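The model shown is predicted, which means the values in this text are computed figures rather than measured ones. Chain naming here is simple, since letters A, B, ... match the order of the sequence lines and numbering starts at 1 in each.
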There are 2 protein chains.
Amino acid sequence: MIKMRTRIKELRARYELTQDELADIVNVSRRTMLYLEKGKYNPSLFLAYKVAKSLHSTIEEVFIIEDDGTSSPDGDALNLE
Amino acid sequence: MIKMRTRIKELRARYELTQDELADIVNVSRRTMLYLEKGKYNPSLFLAYKVAKSLHSTIEEVFIIEDDGTSSPDGDALNLE
DNA sequence: GACTAATGTAATATATTTATCACATAATAT
DNA sequence: ATATTATGTGATAAATATATTACATTAGTC
C-alpha cells in the first residue's frame, strides 16, 4: 500500500506558524491545510509547491510518498493505490 | 504570472516512450498525459510523483514552476495565479 | 500519393480536491 | 474555572482534474 505522509507539522513548528497562518500564506482554507498536513488527501502539485516553498523546503522534503509493503489500509492516511 | 512547464517530452524522448506508453505506465489516460506534458493543468502530487519516477527523475526536475515576471497570460499554458 | 503511428482537440461524464460554515475538542493562560 | 487560541470534524457546494470516446492533424514510411 502506497501512502503519503508529510513533514508539515514539524516544519510549521520550526517556523512557529499556526495552521491558520500557513493556510493564509498559501492562500488556502484552514481545513485544507489541516487535511493536507494529516496526509488525508492528494493535493495539487502547485499547492504542494506553495506549501513546500513557504516552509523553505522542496516538495520531496515535505511530502513523503512511501510503499509500506502491507496490503491493508492503515488508519485514515490517504490510500494512493 | 506563475506558470508551469514540464520536461516530460524531452525525458520521454530520452527513454523512447510514446505518450501512450507513458500514460499506461502511470495508469492514466493518454489525454491526461498529453495535457500534463503541455502544462495544461495542475496534476495531483501523486500523479506528478509517478510521472517523475517513471522518467527516473524527481518531481522538481520534471515539473518546473516559474514566475516569468509578466502579468498577462501567455499562450495556453496553465495560469496558476 | 496512400498508410500508419503519434500527437492534438472536442464534448460530456465522473471523481476528488478545495471552499465554506458551523460546531467540537484540546491546550494554554489568566 | 473560564477565556482564548489552536486543532479537529461534519455537511454541503463549487471548481477542476481525469476518464472516455471519437475525430483531426501531423510525421514518417512505403
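In this structure, OH of B/Tyr41 is placed 14 Å from P of D/dT16, rounded to the nearest angstrom. Summarising the geometry, the separation between CD on B/Glu21 and C1' on C/dA5 is reported as 11 Å, rounded to the nearest angstrom. As a whole-Å value, the separation of B/Leu36 CG from D/dT18 P is 7 Å. Summarising the geometry, the separation between CE on A/Met33 and C1' on C/dT18 is reported as 13 Å, rounded to the nearest angstrom. Rounded to whole Å, atom C1' of D/dA19 lies 14 Å from atom CG of B/Leu34. Here D/dT18 presents its P atom at 8 Å from CG of B/Asn42, a figure rounded to the nearest Å. For the pair A/Leu47 CG and D/dA17 P, the computed distance is 12 Å after rounding to whole Å. With rounding to whole Å, B/Glu37 atom CD is found 15 Å from D/dT18 atom P.
Between B/Gln19 and the phosphate of C/dA5, there is no side-chain N or O to OP1/OP2 separation shorter than 4.0 Å. Proximity of A/Thr18 to the phosphate of D/dT5: no side-chain N or O atom is located under 4.0 Å from OP1 or OP2. Residue B/Thr32 places at least one side-chain N or O closer than 4.0 Å to OP1 or OP2 of D/dA19. The side chain of A/Arg30 places no N or O atom within less than 4.0 Å of a non-bridging phosphate oxygen (OP1 or OP2) of C/dA22.
By the 4.5 Å heavy-atom criterion applied to side chains, B/Met4 and B/Phe63 are counted as neighbours. A 4.5 Å side-chain heavy-atom check between A/Ile59 and B/Thr58 finds every atom pair outside the cut-off. Annotation: side chain of A/Leu11 is in contact with side chain of A/Ser57 (closest heavy-atom distance under 4.5 Å). A/Glu37 is not listed as a side-chain neighbour of A/Val51, based on a closest heavy-atom distance of 4.5 Å or more. For the pair A/Lys38/A/Lys9, no side-chain contact is recorded, criterion being any heavy-atom separation below 4.5 Å from C-beta on.
Comparing A/Arg12 and B/Ser44 against DNA chain D, the residue whose closest nucleotide sits nearer the 5' end is A/Arg12. Residue-to-nucleotide proximity on DNA chain C shows that, of B/Arg31 and B/Leu17, the 5′-proximal contact is made by B/Leu17.
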Please report, to 0.1 Å, the donor-acceptor pairs under 3.5 Å made by any side chain of residues 14-23 of chain A, with sequence neighbours excluded.
{"residue": "A/Glu21", "atom": "OE1", "partner": "A/Thr18", "partner atom": "N", "Å": "2.8"}

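For the helix from C/dG1-D/dC30 to C/dT30-D/dA1, the angle separating the two terminal helix axes comes to 40°, with each axis derived from five pairs and the value rounded to 10°.
Look at B/Glu61 and B/Arg7 and you find no salt bridge, because none of the NZ, NE, NH1 or NH2 atoms lies under 4.0 Å from a carboxylate O.
Of all nucleotides listed (D/dG10, D/dT9, D/dT7), D/dT9 comes nearest to the side chain of A/Lys40.
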